[in-house]
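Values reported hereafter were calculated over all heavy atoms of this structure, with side chains retained and with hydrogens, waters and symmetry mates removed.
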Amino acid sequence: MLSAQELLAHAEALTDSVQLVDRILRAGLLLHASDVHIDPAADSARVRFRIDGILEEVLRIPASMQGAVTSRLKVLASLDIAERRAPQDGGFIWRMSGAGALGAQPLDVRMATLPVRYGERVTLRLLETGGQRLGIDDLGMSAADRAVFDGVLRRPHGLVLLTGPTGSGKTTTLYAAIQELLKGDPVNIITVEDPIEYEIPGVAQAEVDSADKVNFSKALKSLLRHDPDVVMIGEIRDADSLNAAVKAALTGHLVLSTLHTNDAKSTVTRLVDMGLDQNLVSATLRLAVAQRLVRRLCPECREKGARGWVPKGCPACGGRGYRGRIGLFELYSPESGLLTSLADDARAKVESGVTSEAEVLRVIGG
């Protein structure tokens with residue numbers, strides 16, 4: 001099977017949009033890219049992959065091929081190829097073809113278009129289907145944080161919130177928590193997501209739709225009639241979803257969700273700002289977990305420097321010096337007063353050679 005570099009070499013000379021799209025998706029799969037960006041300009045379109053959180057330019061498509069590539073992707077995603085002046089979004093399942101594709105997981109591709117000056121910008125989210133999901137052991141929690149997190153998951157009711165900016169791994173942690181819950185006593189778990197990123201066997205997953213027939217508030221009110229033990233909400237985004245989550249937590253359900261705050265302790269302030277009474281925060285919030293994702297140093301080529309381990313680059317990591325990512329975590333429990341810090345977790349991972357000081361500074365600052 002061709003490598004990603006071989007697939008992309010001279011791809012700009014292809015005049016068949018079907019072949020060109022196939023090569024881009026193949027290379028994205030091989031490089032474990034999470035996103036593909038196709039950004040049109042006057043004379044070409046820049047193709048970038050997001051690999052381990054970092055955007056890398058991998059290809060330039062001639063201007064003459066921009067429209068054909070976008071149209072091909074629209075056909076795959078069942079979008080309107082004639083509509084070029086309004087944003088569209090959709091998705092499709094893509095399977096690698098050919099002898100070298102044996103064993104390759106199909107991709108669940110989420111597509112969004114946006115009209116810009118020189119055409120339509122396309123962003124593809126690549127989600128491998130059927131692959132091995134990360135468990136809590138894979139996230140990077142310290143032994144002490146893991147013990148606290150496991151203890152909260154064993155509680156029969158209450159609110160557990162994962163916080164942090166977009167792309168910090170909150171949803172991955174939610175899925176890992178659900179998988180951990182499935183290992184224990186039989187439980188009825190129902191989720192409300194926008195969108196469903198991965199299918200979890202044994203879990204009833206509801207998806208919010210763009211037509212607003214199913215939104216977070218409506219779905220939450222309905223699912224409580226289905227006798228759940230655990231409720232997972234993709235995101236608490238407004239007062240309605242917050243009130244529904246709190247009601248579920250107060251009536252004997254364990255509720256897992258995400259919230260946008262910069263650190264764990266700010267979760268309380270954010271909930272109050274959204275209209276929740278301070279007493280209800282104390283009564284329902286069991287744990288707030290803030291997290292970030294940093295790149296792991298490649299174990300094959302990392303070097304010991306004056307200020308800790310540093311990246312070097314080798315064939316195993318594609319010359320990047322990093323391979324994969326790991327979480328940094330901060331926990332806050334209003335009940336016990338427990339408060340750990342991202343900085344302490346980052347320091348421990350730098351000292352043990354998991355990541356570098358430069359990478360930590362890039363992600364969380366000083």
Side-chain angles (χ1 to χ4, degrees), residues 34 52-53 134-153 155 158-178 180 193 197 232-238 241-242 245-246 249 254-274 276 278 280-282 284-296 324-352 354-357 359-366:
S34 61
D52 292 335
L134 292 179
I136 293 181
D137 290 336
D138 306 308
L139 300 178
M141 282 187 182
S142 67
D145 287 352
R146 172 69 191 272
V148 173
F149 195 63
D150 282 348
V152 171
L153 291 182
R155 301 279 291 271
L159 186 59
V160 180
L161 294 177
L162 280 297
T163 76
T166 301
S168 59
K170 301 186 296 296
T171 302
T172 298
T173 301
L174 283 181
Y175 279 122
I178 288 174
E180 191 67 21
E193 306 173 58
E197 293 198 16
M232 190 270 266
I233 308 167
E235 180 186 352
I236 291 178
R237 55 179 60 176
D238 53 32
S241 56
L242 173 59
V246 169
L254 181 64
V255 181
L256 311 176
S257 191
T258 69
L259 189 71
H260 287 285
T261 66
N262 289 327
D263 55 60
K265 199 167 185 180
S266 296
T267 302
V268 173
T269 305
R270 176 73 177 128
L271 292 175
V272 172
D273 287 345
M274 292 177 72
L276 189 63
Q278 179 74 51
L280 285 177
V281 174
S282 302
T284 56
L285 183 61
R286 299 287 175 262
L287 187 68
V289 181
Q291 66 179 86
R292 302 291 189 276
L293 288 177
V294 293
R295 291 178 294 170
R296 290 177 181 264
R325 290 191 289 176
I326 192 169
L328 302 178
F329 295 92
E330 174 179 282
L331 275 59
Y332 172 60
S333 170
E335 286 184 313
S336 66
L338 169 76
L339 179 59
T340 64
S341 76
L342 283 172
D344 287 343
D345 196 24
R347 188 177 299 110
K349 288 182 169 70
V350 169
E351 291 174 352
S352 61
V354 173
T355 190
S356 68
E357 183 180 80
E359 176 66 2
V360 166
L361 292 173
R362 181 186 71 84
V363 174
I364 68 171

State, with a plain yes or no, whether a side-chain heavy atom of [X] is found less than 4.5 Å away from one of [Y].
X	Y	result
Thr163	Asp263	no
Thr267	Tyr332	no
Thr355	Val350	yes
Arg347	Val360	no
Val160	Arg155	no
Arg295	Ser356	no
Phe149	Glu180	no
Leu271	Leu259	yes

Side chain [X], main chain [Y], donor-acceptor under 3.5 Å:
X	Y	value
Asp345	Leu342	no
Lys170	Ser257	no
Gln278	Val272	no
Glu330	Ala264	yes

Between [atom1] of [X] and [atom2] of [Y], what distance do you get to the nearest 0.5 Å?
X	Y	atom1	atom2	answer
Leu287	Leu331	CG	CG	4.5 Å
Leu161	Ile233	CG	CD1	9.0 Å
Lys349	Ser142	NZ	OG	6.5 Å
Ile136	Thr172	CD1	OG1	12.5 Å
Leu139	Arg146	CG	CZ	8.5 Å
Thr173	Ile178	OG1	CD1	11.5 Å

So which heavy atom on [X] is nearest to which on [Y], and how close?
X	Y	answer
Arg286	Gly158	CG-CA, 3.7 Å
Ile236	Ala245	CD1-CB, 4.0 Å
Ala177	Leu256	CB-CD1, 4.2 Å
Leu174	Met232	CD1-SD, 3.8 Å
Ile364	Ala346	CD1-CB, 4.0 Å

Checklist entry - Given Arg270 and Asp273, is the salt bridge (Lys or Arg N to Asp or Glu O under 4.0 Å) satisfied, shown in steps? => result CA-CA 5 Å; Arg270 176 73 177 128; Asp273 287 345; 5.7 Å; no
Item to check | Audit row: Arg296, Glu359, side chain to side chain contact (heavy atoms under 4.5 Å, CB included) steps and yes/no | outcome: CA-CA 9 Å; Arg296 290 177 181 264; Glu359 176 66 2; over 6 Å; no
Next on the checklist: Run the side chain to side chain donor-acceptor pair (under 3.5 Å) test against Asn262 and tell me which residues pass, sequence neighbours left out.
Outcome noted: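 Testing Asn262 for side chain to side chain donor-acceptor pair (under 3.5 Å), a comparison that skips the adjacent residues, returns none.
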Checklist entry - When Leu276 is tested against each of Leu242, Leu285, Val268 for side chain to side chain contact (heavy atoms under 4.5 Å, CB included), which residue passes? => result Leu242
Next on the checklist: Assess the residue pair Val289 and Phe329 against the criterion (side chain to side chain contact (heavy atoms under 4.5 Å, CB included)); give the C-alpha distance rounded to whole Å, side-chain angles, the decisive distance to 0.1 Å, and a yes or no.
Outcome noted: CA-CA 7 Å; Val289 181; Phe329 295 92; 3.8 Å; yes
Checklist entry - How far apart are the C-alpha atoms of Glu235 and His260, what are their side-chain angles, what is the distance that settles it, and do they pass the side chain to side chain contact (heavy atoms under 4.5 Å, CB included) test? => result CA-CA 9 Å; Glu235 180 186 352; His260 287 285; 3.3 Å; yes
